[in-house]
Amino acid sequence: MIEDKNLVSMIFQILEQFGVPNAREKNLEYNFVHQGDLDSFGILSFITELESLMEIEFTPEELTDSSIQTVGGLTDLVEEKLQGGAKIQ
């Protein structure tokens with residue numbers, strides 16, 4: 001997993017904006033899908049906000065990949081996209 005603390009911090013900050021309590025106290029393995037802190041609309045809104053802020057777009061395949069359900073996995077994918085090389089199959 002990447003160690004981009006600014007990106008990780010931004011993801012936790014967005015999670016807090018969408019109602020995840022004490023998100024910054026969570027670790028990279030925090031699973032925002034299964035934890036139950038966000039409902040399905042909250043997850044969609046969170047992902048849409050992240051796409052907008054980072055000026056990236058996730059493919060349907062990327063959105064269904066279980067590896068991005070954790071903060072660490074999502075951070076890795078965003079970093080790859082920012083570098084122009086993200087491809088989850």
Side-chain angles (χ1 to χ4, degrees):
M1 286 194 187
I2 67 167
E3 294 295 327
D4 186 334
K5 303 234 185 274
N6 290 331
L7 182 55
V8 171
S9 178
M10 176 186 286
I11 290 173
F12 281 129
Q13 181 178 7
I14 297 167
L15 282 167
E16 282 185 351
Q17 290 172 359
F18 282 90
V20 174
N22 305 312
R24 293 174 207 206
E25 297 173 11
K26 315 265 189 232
N27 63 36
L28 293 177
E29 296 305 313
Y30 171 69
N31 188 316
F32 57 89
V33 173
H34 291 290
Q35 200 62 31
D37 292 329
L38 296 173
D39 61 15
S40 58
F41 183 73
I43 293 168
L44 179 60
S45 298
F46 162 67
I47 292 295
T48 302
E49 178 71 8
L50 185 59
E51 286 179 317
S52 177
L53 287 173
M54 302 305 295
E55 297 181 356
I56 59 175
E57 187 173 317
F58 296 113
T59 67
E61 293 81 16
E62 290 166 338
L63 292 174
T64 59
D65 189 285
S66 63
S67 69
I68 71 159
Q69 295 178 1
T70 65
V71 170
L74 182 59
T75 301
D76 288 343
L77 179 59
V78 170
E79 183 66 24
E80 288 177 30
K81 286 193 152 300
L82 291 172
Q83 294 175 1
K87 290 184 176 73
I88 290 180
Q89 312 229 352

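In what follows, residues are counted from 1 in the order of the sequence shown.
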To the nearest 0.5 Å, how far apart are [atom1] in [X] and [atom2] in [Y]?
X   : Y   : atom1 : atom2 : value
T48 : F41 : OG1   : CZ    : 8.5 Å
L44 : E49 : CG    : CD    : 12.0 Å
E80 : I56 : CD    : CD1   : 11.0 Å
T59 : L77 : OG1   : CG    : 8.0 Å
M10 : N6  : CE    : CG    : 8.0 Å
T70 : N27 : OG1   : CG    : 9.0 Å

*Of the non-hydrogen atoms in E62 and I68, which two are nearest, and what is the gap between them?*
O-CD1, 3.2 Å
*List the atom of F12, the atom of K26, and the distance in Å for their closest heavy-atom pair.*
CZ-O, 3.5 Å
*Return each pair, listed once, that meets salt bridge (charged side-chain N to carboxylate O under 4.0 Å, His left out) where at least one residue sits in residues 15-25; pairs must be two or more places apart or across chains.*
E16-R24
_Please check this pair: side chain of T75 against backbone of V71, looking for a donor-acceptor N/O pair closer than 3.5 Å._
yes
*asked:* The test is side-chain contact (heavy atoms from CB on, under 4.5 Å); show your working for L50 and L74 and say whether it passes.
replied: CA-CA 10 Å; L50 185 59; L74 182 59; 3.6 Å; yes
*Kindly state each residue pair satisfying ring-ring contact (aromatic ring centres under 6.0 Å, His included) with at least one member in residues 13-38, sequence neighbours excluded.*
F32-F46
